[in-house]
Amino acid sequence: MTTTPRALNLAATVLTGILALYIALVAFGNITDFGTNQQFVRHVLAMDTTFKDDDLMWRAITSEGVQDTAYVAIIVWETVAAFVLIYATWLWIRRDHAPARRMTTYGTLMLMLLFGAGFIGIGGEWFSMWQSEDWNGLDAATRMFLISGVVLIVAQLTPGDPEATRRP
């Protein structure tokens, strides 16, 4: 059984839309309820709930100004990714497949950078977030990294524009 181009395009549309909705709600929540995840970022960067290993604690960032700047940068990144994915969804709906695929690629890669490099790599390993029982976001970050990867793969599987691939 083969998957038709129409089915792949529909899957890419739906998955991109779901991811756009999710990250838009995350960004909206972080903007309207700034303090909740602000505390998460502060604790992770301060490393105040890790094992307190002297060989690692030099990495801690205890300046609230730097912590809050990092948090605002995360929110801005999430917001831009949300707009990119919303636009990609609109392009999928309009059946403008090549630009839709490109924008979906940009949006999913933005999320994979945030959740993979930012939360899993930097937060999880550099700031030893994995050691914290209270402020450990690795499961959520891994989930979002993988979901974003699935959406990226489905978008890349969609057929290209037949007009662009025709030879005279």
Side-chain angles (χ1 to χ4, degrees), residues 11-92 100-157:
T13 304
V14 170
L15 290 174
T16 302
I18 290 168
L19 196 56
L21 173 65
Y22 173 80
I23 199 63
L25 291 173
V26 168
F28 180 76
N30 284 338
I31 292 166
T32 59
D33 181 20
F34 189 85
T36 298
N37 282 329
Q38 176 191 35
Q39 293 307 308
F40 171 81
V41 171
R42 283 183 174 178
H43 285 289
V44 169
L45 295 180
M47 300 174 67
D48 58 0
T49 59
T50 62
F51 298 163
K52 304 278 193 285
D53 183 342
D54 288 338
D55 293 330
L56 295 178
M57 291 308 292
W58 63 271
R59 300 176 184 177
I61 296 174
T62 56
S63 165
E64 288 186 356
V66 174
Q67 293 168 346
D68 291 347
T69 299
Y71 182 47
V72 169
I74 291 167
I75 294 170
V76 168
W77 191 264
E78 291 168 342
T79 303
V80 172
F83 280 117
V84 168
L85 290 167
I86 290 167
Y87 181 58
T89 303
W90 171 246
L91 291 170
W92 283 115
R101 185 179 312 102
R102 186 172 47 255
M103 297 309 290
T104 298
T105 299
Y106 296 153
T108 54
L109 288 176
M110 287 180 73
L111 294 181
M112 293 178 83
L113 278 169
L114 176 64
F115 291 105
F119 287 100
I120 297 170
I122 296 170
E125 289 304 316
W126 184 256
F127 291 106
S128 300
M129 181 171 57
W130 65 270
Q131 294 179 2
S132 177
E133 291 181 19
D134 298 321
W135 301 101
N136 185 339
L138 287 174
D139 286 344
T142 301
R143 182 174 54 249
M144 284 314 305
F145 181 80
L146 293 174
I147 290 170
S148 297
V150 168
V151 176
L152 176 62
I153 290 168
V154 170
Q156 295 305 313
L157 289 175

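For the single chain, residues carry numbers from 1 onward in sequence order.
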### Stepwise side chain to side chain contact (heavy atoms under 4.5 Å, CB included) test for Leu56 and Gln131
CA-CA 12 Å; Leu56 295 178; Gln131 294 179 2; 3.7 Å; yes
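- Using a 4.5 Å heavy-atom cutoff, the side chains of Trp77 and Leu113 are in contact.
- Side-chain contact between Ile86 and Trp90 is absent, with no heavy atoms from C-beta onward closer than 4.5 Å.
- Taking both residues in full, the closest heavy atoms of Ala60 and Ala46 are given as CB-O, 3.3 Å, listed atom of the first, atom of the second, then distance.
- The two atoms that bring Ile23 and Ala81 nearest to each other are CG2-C, 4.3 Å, heavy atoms only.
- Considering all non-hydrogen atoms of both residues, Asn30 and Glu78 come closest at ND2-OE1, 2.9 Å.
- Within a 6.0 Å sphere centred on CZ of Phe34, other residues, nucleotides and ligands contribute more than 12 heavy atoms.
- Other residues, nucleotides and ligands place no more than 12 heavy atoms under 6.0 Å from the CG atom of Asp139.
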### Task
Please report the C-alpha distance between Met57 and Thr50 in whole Å, then the side-chain angles of each, then the deciding distance to 0.1 Å, and finally whether the side chain to side chain contact (heavy atoms under 4.5 Å, CB included) criterion is met.
CA-CA 9 Å; Met57 291 308 292; Thr50 62; 3.7 Å; yes
### Task
Applying side chain to side chain contact (heavy atoms under 4.5 Å, CB included), run through Gln156 and Thr105 and close with a yes or a no.
CA-CA 8 Å; Gln156 295 305 313; Thr105 299; 2.5 Å; yes
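- Listed here is the closest heavy atom pair of Leu45 and Ala70: CD1-CB, 4.0 Å.
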### Query
Is there a ring pair (Phe, Tyr, Trp, His ring centres under 6.0 Å) between Trp130 and Phe51 once you walk through the steps?
CA-CA 10 Å; Trp130 65 270; Phe51 298 163; 5.7 Å; yes
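- The nearest pair of heavy atoms linking Lys52 to Met47 is NZ-O, 3.8 Å.
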### Task
Could you go through the side chain to side chain contact (heavy atoms under 4.5 Å, CB included) check for Leu111 and Val151 one step at a time?
CA-CA 11 Å; Leu111 294 181; Val151 176; over 6 Å; no
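- When all heavy atoms of Gln67 and Ile61 are compared, the pair lying nearest together is NE2-O, 2.7 Å.
- Using a 4.5 Å cut-off on side-chain heavy atoms (C-beta onward), Gln39 and Trp135 make contact.
- Within the 4.5 Å cutoff, no side-chain heavy atoms of Glu133 are placed close to those of Thr49.
- Taking the six-membered ring for Trp and thresholds of 30 and 60 degrees, Phe40 and Phe119 have ring planes inclined between 30 and 60 degrees apart.
- For the pair Met110 and Val80, the minimum side-chain heavy-atom distance is below 4.5 Å.
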